[in-house]
Structures are given as structure tokens and as C-alpha cells.
4 protein chains.
Amino acid sequence: MSDRIAILTLSCPDRPGIVAAVSSLLFETGCTIRDAQQFDDLETGRFFMRVVFERLDESRSHAEITEAFGTLAERFAMDFTLREQHAKKRVMLLVSKFDHCLADLIYRWRIGELPMEIAGIVSNHGRDSIASTDIGDLPFHHLPITRQTKMEQEARIWQLVQESGTDLVVLARYMQVLSDGLSAKLLGRCINIHHSFLPGFKGAKPYHQAHERGVKLIGATAHYVTPDLDEGPIIEQDVERISHRDTPDALVRKGRDIERRVLARAVLQHLEDRVVLNGKKTVVFTD
Amino acid sequence: MSDRIAILTLSCPDRPGIVAAVSSLLFETGCTIRDAQQFDDLETGRFFMRVVFERLDESRSHAEITEAFGTLAERFAMDFTLREQHAKKRVMLLVSKFDHCLADLIYRWRIGELPMEIAGIVSNHGRDSIASTDIGDLPFHHLPITRQTKMEQEARIWQLVQESGTDLVVLARYMQVLSDGLSAKLLGRCINIHHSFLPGFKGAKPYHQAHERGVKLIGATAHYVTPDLDEGPIIEQDVERISHRDTPDALVRKGRDIERRVLARAVLQHLEDRVVLNGKKTVVFTD
Amino acid sequence: MSDRIAILTLSCPDRPGIVAAVSSLLFETGCTIRDAQQFDDLETGRFFMRVVFERLDESRSHAEITEAFGTLAERFAMDFTLREQHAKKRVMLLVSKFDHCLADLIYRWRIGELPMEIAGIVSNHGRDSIASTDIGDLPFHHLPITRQTKMEQEARIWQLVQESGTDLVVLARYMQVLSDGLSAKLLGRCINIHHSFLPGFKGAKPYHQAHERGVKLIGATAHYVTPDLDEGPIIEQDVERISHRDTPDALVRKGRDIERRVLARAVLQHLEDRVVLNGKKTVVFTD
Amino acid sequence: MSDRIAILTLSCPDRPGIVAAVSSLLFETGCTIRDAQQFDDLETGRFFMRVVFERLDESRSHAEITEAFGTLAERFAMDFTLREQHAKKRVMLLVSKFDHCLADLIYRWRIGELPMEIAGIVSNHGRDSIASTDIGDLPFHHLPITRQTKMEQEARIWQLVQESGTDLVVLARYMQVLSDGLSAKLLGRCINIHHSFLPGFKGAKPYHQAHERGVKLIGATAHYVTPDLDEGPIIEQDVERISHRDTPDALVRKGRDIERRVLARAVLQHLEDRVVLNGKKTVVFTD
């Protein structure tokens with residue numbers, strides 16, 4: 001794969017000429033478009049685009065194109081990201097006692113499936129809690145939390161995020177609710193995984209509730225964490241079929257499978273800059 | 001197929017010897033078991049069974065076996081149903097303006113997929129409302145309803161159910177909530193179809209709400225109607241994947257597909273005596 | 001919905017500047033892009049695009065823009081289609097004895113889900129064979145076929161296609177294999193539906209073979225008909241889970257459900273100009 | 001969970017009285033049935049049953065009941081297995097270079113999801129090939145293979161199976177075809193995982209072939225290994241949706257996900273004695 005590939009995402013108020021302007025700029029700076037997807041939200045009048053392009057003209061640097069694009073972005077009032085594909089995002093993994101999502105993400109990273117660098121693992125429990133996961137020599141931070149120390153613990157997480165240059169925080173079954181303050185700081189770059197049912201349930205022991213209610217499907221939702229919403233903008237969801245024979249334990253087991261694959265898909269979409277926030281929801285330019 | 005096939009369903013408090021008693025009785029009355037499924041609800045201590053058997057001994061009548069089974073049922077405090085397979089259930093279809101489920105059920109009935117007799121079609125709107133559906137010479141009853149006439153309208157429905165020997169009422173997108181009284185009368189023999197989402201939504205225009213929330217899956221639930229619950233015991237559920245590109249109209253369209261296939265499956269399960277009520281939920285002995 | 005919406009699809013050898021050229025032309029002729037998707041086949045070096053645009057400038061006619069686009073298309077050696085959205089395609093439905101797909105397509109058309117005009121229904125069997133389907137006053141052509149009369153029968157089909165201005169032929173469980181000659185004439189505008197299994201089976205009674213083989217999934221494939229291939233470019237596929245309990249009859253029943261929804265989706269994709277041929281496969285710009 | 005639970009599976013020619021005989025024996029020996037499923041293959045006239053029961057009468061040993069059941073089994077010409085639930089099966093894992101299934105099975109075993117003992121890991125490649133998997137101190141056997149040494153290598157595998165008391169061999173992406181001889185020895189206790197497509201493909205690089213063919217679904221099949229068949233009795237299958245955007249690499253990535261979950265489900269079904277061979281196919285008594 002060429003090391004001169006870059007990924008652009010943008011959103012802005014829709015108006016005629018955006019695609020023409022973007023594609024002309026790329027053409028004039030010696031780039032060729034490898035993939036492009038766009039979406040026009042007719043309700044909000046907002047326009048979304050993801051472009052993968054290659055710099056054919058070796059004399060042009062990524063910085064140069066970024067600068068040229070900055071001027072264009074100003075003209076159209078665009079929010080945008082522009083990243084060279086080889087510059088992997090740095091990811092911090094937060095976990096509590098259930099490590100199936102953590103183990104899965106680490107395995108996928110090891111075999112090269114998730115293009116990321118792991119900045120570290122944070123748990124509110126000790127390393128013994130995730131004994132089934134081989135974390136190798138990845139930095140592990142035990143940050144216990146109580147009602148009294150939540151503020152300090154979150155301050156420590158935030159410090160780690162900054163010091164390690166973390167681009168994305170993944171709550172891989174981290175069983176603490178982030179404060180509004182930390183959620184706000186991590187807006188659009190913190191992904192959580194959550195069981196989901198039809199109909200939904202509030203409160204503790206959701207799989208037991210689902211069992212009591214006799215649902216025939218169980219599912220999971222990966223979403224961005226936000227301060228205001230119960231559950232932020234949804235990135236990915238999936239379900240599995242169950243039956244009256246499934247005990248609550250069997251639901252928990254099947255739930256693990258759904259949770260880890262939904263979270264892994266959401267993380268991959270984010271790492272490849274395929275997800276763009278659109279108010280309370282997302283635009284996901286799938287592969 | 002033999003015309004001496006019968007289907008038995010039963011539920012009772014679990015205790016040792018039930019299967020032995022049932023299978024011995026069938027053996028001694030000259031019957032052979034063609035299919036049997038059972039389920040032991042360890043939480044409630046209740047036992048569920050469905051048996052399909054054939055009378056090999058021609059000298060025994062269905063009535064005779066039913067009587068023999070009645071004695072056994074008393075001994076074990078069983079709720080049971082025992083029906084000859086060729087005795088099709090009579091079904092009343094209720095509909096409002098959206099006729100996709102109605103058209104689908106009627107087509108499946110015509111090609112012999114749903115083993116039932118259609119006792120009639122009831123709508124709170126005129127026959128024009130379901131103009132896209134070919135109802136042939138099936139009895140059609142226009143029973144308009146207002147807040148003031150709900151009681152009378154439901155009394156008329158109940159009268160039709162009784163007069164026509166209806167075994168099952170299907171709410172095929174009938175947009176009126178049945179009163180507690182009528183729900184109670186139809187307990188365990190009235191099936192409704194309902195959109196479902198992860199997470200759930202209350203209130204009007206659910207597909208529009210789902211669109212606003214940015215869900216990635218939409219679904220439907222078929223359930224028995226009950227007086228007390230928002231949504232009664234679930235029989236069948238399914239979902240489809242959607243994306244940010246789906247407009248509310250597209251969701252409604254995809255929803256129609258899910259609704260009709262979930263309802264048709266639930267009705268078929270009921271017609272074949274595969275569904276047994278278990279408190280707030282169901283045991284479904286699938287094929 | 002505006003009646004000045006048009007849909008453009010194109011494919012051509014990839015080279016820098018295509019998107020810029022297309023979007024600039026639309027901008028300059030007073031059009032705004034409502035939706036655009038593109039795809040770059042890196043293996044073949046071929047570029048594919050679908051653009052939905054609206055003529056904001058009322059003084060410009062569709063013909064004018066088509067002409068302007070023709071010049072551009074020549075420059076880039078594009079294959080393209082350009083259609084006003086309100087100009088519905090005309091569809092001919094071919095059927096044999098199983099009418100579940102036919103009935104489904106007609107119902108979807110009646111409720112406005114499939115934006116098409118039905119040019120007629122052709123069957124190699126008499127109208128009685130599809131008695132479960134309400135075809136209303138749609139033109140019905142009984143064109144029986146034997147080994148000896150295949151050429152004449154196909155000539156008659158082709159004549160009907162031409163006379164009726166048919167844009168798309170749908171083989172809705174039409175159980176005759178089209179000759180190479182007719183397949184070639186209908187290239188890219190004739191869709192067939194086909195059962196599919198993992199692993200695949202050749203020959204007669206496929207659901208019985210699937211039963212014997214003990215598969216746990218059955219499926220269906222909708223594809224364009226081609227002269228050379230066993231099964232042409234695939235548009236859509238889906239599967240359902242089955243078990244050892246499913247008899248061949250149950251497989252046929254479940255197969256009907258998959259066949260009709262896979263075919264309906266493929267037809268809708270085609271009607272909305274979402275499918276572009278790419279050699280032996282398709283690019284499907286899904287909604 | 002009680003440690004007096006046992007699982008019985010049986011198959012025999014169907015005839016009246018089997019269920020009565022089995023359930024009476026269990027009743028008379030002081031056992032109660034916790035779960036029972038049965039299946040009557042009407043085509044072959046063969047009967048299948050799985051019973052989970054608990055010894056309520058502490059004075060009865062498992063050996064005693066096994067002996068009593070042996071007499072019954074002889075009378076009905078039954079093939080049967082009877083295992084105490086707490087007696088976990090011993091499993092040998094075979095792998096080559098792709099370790100996603102291996103890593104997944106080991107993780108599921110560590111967290112207690114797969115009730116088994118791992119007898120060892122065999123690879124035709126060195127331990128470096130599976131460096132992404134944490135195998136802890138599980139016995140690892142490097143058994144390289146060439147065309148010339150296949151017989152010796154398989155003899156060594158068979159020796160390991162016998163010495164370690166292995167009940168089940170899992171080919172977790174082991175890329176060697178077992179000889180007919182070894183397949184025959186392992187009949188019904190060797191599970192393989194295999195990519196699957198609609199339509200199917202033979203030969204090398206299947207995901208590349210699937211890409212070239214433009215399929216819209218890819219899948220995997222877990223099956224028992226047999227000497228005579230290309231692919232033995234199927235235990236479990238699943239698929240995922242793909243699009244024209246998926247490169248062969250993306251198909252391989254998505255394929256890994258399907259392969260590991262299909263294999264894990266099949267292994268769990270086998271470990272819980274839910275799978276009974278039925279000629280070229282299986283009866284799977286799902287939970």
C-alpha cells in the first residue's frame with residue numbers, strides 16, 4: 001500500500017459546489033481520489049463526506065495539502081479531519097472485571113486487524129481481574145475508584161490520555177459511568193459498548209431482565225459517550241436469536257459474543273475515519 | 001399425511017414421572033410418538049411438553065384418547081390442549097389502514113402455507129382502505145370505532161368471534177388498543193405485531209423517532225395481547241440492518257417487511273400448537 | 001419531492017479529475033448534488049459513480065443537461081445512464097407455476113413501494129396457475145413453451161418487450177432457462193432469483209438435496225441473467241437458519257420467504273439505478 | 001449446579017414405546033428428567049433423543065444407572081452415550097499458521113465458557129507461528145509434515161490422542177487434509193471449520209475467488225471430518241453480509257470472525273452432547 005494515502009472527512013452546511021471544490025483542489029494539487037462517499041442530510045441541511053486520496057505528485061507534502069485544504073474549509077465552514085493513513089491512532093483501553101472485549105481487541109491488534117497503537121490499559125480493578133487476557137508488556141494502570149475518589153481518578157485518566165497522546169478511549173466493559181466533565185472532554189473520541197434489547201430495560205442485571213421478559217433476541221450497541229444522553233450517538237448494533245431454553249447464564253455468554261464483535265467493528269470504523277458525528281447520531285461510511 | 005395425527009401440548013408443575021406417564025398412556029392406547037419436545041423451567045418449577053402422535057390402532061378414536069388423557073391430566077394438574085392436526089383453527093383478521101400484514105397472511109393461506117380457516121376480516125375502516133389486498137369472498141366487517149363507541153364495537157367483535165367459532169384473533173396492524181376486557185377474553189389467542197427498536201421508543205411515529213435517534217437496526221415483535229402488560233408474552237422477533245442513508249420512509253418500508261414475516265411466523269407457530277404460555281413469557285417449540 | 005431530480009450512473013477507466021469534472025459540470029449547469037457515491041475498483045482500474053442531483057435553475061431542461069453530460073462522457077470514455085427520477089421504468093414479469101415472487105412484487109407495486117410501471121405478465125402456464133395472485137387488469141400473456149417452440153416463444157417475448165417499451169424483465173420464478181440469444185439482448189436488464197446453499201448443489205429438487213446434506217442455512221441469490229455464466233452478476237443474497245427438524249416442505253416454505261424478499265430488494269435497487277455492472281460482478285450503491 | 005446430573009444421547013430404529021421405556025427406567029431408578037428433546041427422522045425411520053437427568057436418589061450410582069440403561073439399549077438396538085456432566089471432555093487442538101480460532105477457543109476455555117480440558121495443542125508449524133496466542137503452559141507439540149512424512153506425522157497425532165485420553169480433536173484452521181485412515185479413527189469426534197460461500201468454490205484462495213465472483217455473503221461451516229465426503233456432517237453455519245467495497249483482505253478479516261464463532265458454537269454443542277450423527281448429517285439439540 002502506498003504511504004502517500006490520506007483520509008479526509010468533513011461536514012458543513014450543504015450548498016452547491018462543495019464536491020466540485022474539494023475534488024478540484026485535490027486534482028490541482030496532484031492527488032487522485034481512491035474512494036469517496038458523501039451524504040446529504042436533507043432534514044438538517046448538513047453535508048458529510050469522506051475522501052481517501054493519494055498524492056501522485058511526490059513534490060507535494062501532506063502538510064502542503066492540509067494547508068490548502070484549510071483555506072477551502074474556512075470558505076465552506078467545514079469541520080474536517082485530514083490524516084495520513086500510516087499515522088495510526090493511539091488508543092487507551094478501559095476495562096473492569098469482564099475482559100472479553102479487551103482480550104478480543106488486543107488479539108485483533110496483534111494480528112494487524114486493528115490499525116492502532118495501544119497507549120495503555122486502565123482498570124479500576126487490579127491486573128488479576130483480567131488474568132485471562134495476555135496483555136504482554138502493554139502499560140497497565142490500576143486506578144481504583146470510590147464515590148469519594150471519582151474526581152481524582154478521572155483526573156488521573158485524563159492526565160494519562162494527554163501524556164500518552166491518546167486519540168481514542170475505548171470503554172471495553174468499563175463498568176463506571178464517566179462524569180459529564182470527562183465525557184465532554186472526550187466527545188467524539190470515547191466509544192462504549194452496551195447490551196441492547198427489544199424492548200429495552202433499565203437497571204441492573206439486564207440479561208436477567210431479558211430472560212424474565214422472554215425476549216427472543218438480544219443485542220449490543222456501540223456508541224460514543226456523551227454527557228447529556230443516556231446513550232450517545234450509535235455507531236454499530238447487532239443481535240442474536242435466543243429461545244426459552246436460554247438461561248440467564250446462556251444469555252450472558254451469547255451477549256459476550258455480540259458485545260465483542262459490535263465493539264470491534266465500531267472501533268475499526270473509528271480508526272479508519274469512517275464515522276462522522278451528526279448531532280445525536282452518526283454518519284458511518286462503511287467499507 | 002396420515003389423518004390420525006394429533007397434537008398435544010401441556011404444562012404442569014414439574015415432578016418425576018410425567019414423561020413416563022404420558023408416553024406410557026400413548027403406547028398403551030396404540031399411538032406412536034412422531035415428535036416430542038419438552039422444557040423444564042427450573043426457575044418456576046413448571047414443566048412444558050408438546051407431543052405429536054399418530055393413532056396406529058384404528059379401533060381407537062380421538063375422543064377415546066382425549067378422555068384417557070383427561071384423567072391423566074387431572075392427576076398431574078395439567079393445562080393441556082389436544083387437537084387433531086386436520087382440524088384447522090379458525091382465524092379472524094383485524095386490520096386498519098396498513099394492509100401489508102393482511103395481504104401477506106391471506107396469500108400464505110391461499111397457497112396452503114398457513115393451515116387455518118379464515119373466519120372473517122374486521123376493520124375499523126371501510127373496505128377501500130385495504131384496496132391493495134385481494135380478499136376474494138372472505139367475510140368483511142366494517143366496524144368503525146370512536147372513543148364513544150369503543151365498548152359497542154368491541155362487543156360486536158366479540159360477538160363475531162363467538163358466532164364464527166374463531167380460535168385465534170390476529171391484529172394485522174389493527175391500530176386500536178383492545179380494552180382490558182376484550183384482552184382478557186382473548187387471552188392466549190390474540191396475536192399482535194409491533195415495531196421494536198434498540199433502544200425502545202414510546203409514543204407516536206416510532207420509525208421517525210428511530211431515524212432521529214440514529215439506530216442501526218430496526219425490528220418487530222409478535223406477541224400475545226394481554227390486559228396488564230404494555231406488550232404481552234413475546235412469540236417471535238426479528239430485525240434488519242439500516243444506515244444513516246435510510247429516510248423515515250425507507251424505515252417504514254423496511255419495517256413492513258419485518259412486520260409481515262415476524263407476524264406470519266408467529267401465526268404459524270400458534271396454528272401448529274407450538275406456543276405455550278409461561279406466565280409473562282412463552283415456550284416456543286420451534287420446528 | 002421535487003420533479004427536477006435526476007439520477008446519473010457512470011463507469012469509466014479511472015483517472016484523476018473525474019469527480020471534479022462531473023461535479024463542476026453539475027455546478028455550472030445550476031444543479032446541486034443530493035447524493036453521490038463512488039467506487040474505485042483498484043484491481044481493474046475502473047471507476048463507478050452514482051449521483052442524484054436536482055436542477056435548481058428552472059431555465060435548464062433535463063435534455064440540455066443530458067447533452068452537456070454526453071460531451072463529458074465522451075472525453076472520459078464513460079458508460080452512463082441519466083434518468084429523471086419521475087420517469088418510472090417499465091417492467092415485464094415472467095412467471096411459471098410458483099407465484100409467491102409475482103404476488104409479492106405486485107403487492108409492493110400497488111402500495112407504491114416499487115417505483116415502476118408493470119408492462120405485463122408473461123407465463124408459460126395459463127392464468128389458472130397463478131390463481132392465488134390478484135393481477136387485476138394487468139396484461140397477461142400465456143406463452144406456452146416446448147423444446148420445439150422455444151425459439152418462437154422467446155421471439156414473442158422479445159416482441160412484447162419491444163412493443164411495450166419494457167426496461168426490465170424480472171424472472172419471478174420463471175422456470176425456463178433463457179437462450180443465449182435472448183440473454184444477450186437483455187444483458188443488464190433481466191433479473192433472476194435463484195435458491196442458494198452452502199455448499200452449493202446442482203440439479204433438480206435443490207431443497208431436497210439441501211435437506212439430505214443437512215445444511216443449517218438456506219438462501220437465495222438475485223442476479224442478472226447472462227448468456228455465458230451459470231449464474232450472472234449477483235445483486236443481492238440472503239439466508240435463513242434451519243435445523244434438522246425442517247422437512248423438505250419446510251425448506252421450500254422458508255425458501256419462498258427468502259426468494260421473494262431477495263428478489264424484491266434486487267428489483268428495487270435496479271429501479272433506483274443503484275446497480276452498475278462491473279464485468280462478472282456488480283457495484284451496488286445501497287441506500 | 002448439582003453434581004448428580006448426567007446427559008444421555010441415543011439413536012435407534014423408531015418403534016412405539018421408546019420414550020415410555022426410557023422415561024420409566026429413569027423414574028424407577030430415582031432420577032428426574034431435567035431436559036429432553038427428541039427427533040424422529042421420518043425418512044430413515046431412525047429415532048434420536050437427548051435427555052438430561054438428575055439422580056435424586058443418592059443411593060444410586062451413575063454406574064448402576066449406566067448398567068441398567070445398557071440392558072434397555074440392547075433391547076432397542078440403541079447407539080448411546082451416557083456421561084456425567086461434571087466429567088469434562090478432553091480436547092486436542094490442531095492449528096497451522098492462522099491462530100484466530102485457536103486464540104478464541106483458549107480464551108473461551110479460560111473464562112469457563114467451554115466446559116473442557118485441553119489435552120494439548122498440535123501444529124505442523126513451530127510455536128512462533130501462533131505467537132499472538134497466549135497458550136500459557138498448555139502442552140505444545142510441533143509435528144512438521146511433508147508429503148513423505150504424512151503417515152508418520154499422523155501416527156504421532158494418533159498416539160498423542162490415545163496417550164492424552166483425548167475425546168475430541170478440533171481442527172482450528174489446521175491446513176492439512178487428514179488421511180482417510182485418521183479420519184476414520186476420529187469419526188464423530190473431529191471437528192473442522194471451513195469457509196463457505198453461495199455459490200460454493202473449489203480450490204485455493206477461496207476469499208479471492210469470492211471477491212472475483214462478487215458474492216454478497218460470505219460464510220463458514222463447522223463439520224465433522226469424514227473419510228469419504230468432501231465435507232462431513234454439518235454442525236453449524238453462519239454468514240455475514242459484504243459489499244463490492246470489500247477487498248479480498250477485508251473478506252479474509254470478516255471471514256475470521258465468522259470462522260471463530262461458528263467453530264466455537266459447534267465445539268460447545270459437541271461438548272454438551274447436543275450433536276448426534278445421522279448418516280451424512282447431524283441432529284443438533286440446540287439450547
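Chain A is the first sequence line, chain B the second, and so forth, proteins listed ahead of strands; every chain is numbered from 1.
Highest contact tally toward chain B, considering only D:Gln38, D:Glu28, D:Arg241, is held by D:Gln38 [criterion: heavy-atom pairs under 4.5 Å]. The candidate from B:Gly30, B:Ala21, B:Gly17 with the greatest count of non-hydrogen atom pairs under 4.5 Å with chain D is B:Gly17.
Contact check for D:Ser61 versus D:Thr66: no side-chain heavy atoms found under the 4.5 Å cut-off.
Residue B:Leu25 does not touch chain D at all, counting heavy-atom pairs closer than 4.5 Å.
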Check your understanding: Under the side chain to side chain donor-acceptor pair (under 3.5 Å) criterion, do D:His100 and D:Glu259 qualify, and how do the steps go?
Key -> CA-CA 9 Å; D:His100 52 283; D:Glu259 287 166 8; 2.7 Å; yes
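Cation-pi check for B:Arg15 over B:Phe76 is met; the charged atom lies under 6.0 angstrom from the ring centroid and within 45 degrees of its normal.
Interface residues of residues 44-58 of chain B toward chain D, defined by a heavy-atom distance below 4.5 Å and sorted by number: B:Leu56.
Under the 4.0 Å criterion applied to side-chain N and carboxylate O atoms, D:Asp273 and D:Lys89 are assigned as salt-bridge partners. Remark: D:Asp249 does not engage D:Arg253 in a salt bridge, criterion side-chain N to carboxylate O under 4.0 Å. Using a cutoff of 4.0 Å between basic side-chain nitrogens and carboxylate oxygens, B:Asp238 and B:Arg265 are scored as salt-bridged.
Within the model, atoms OH of B:Tyr207 and NZ of B:Lys254 stand 12.0 Å from one another, a figure rounded to the nearest 0.5 Å.
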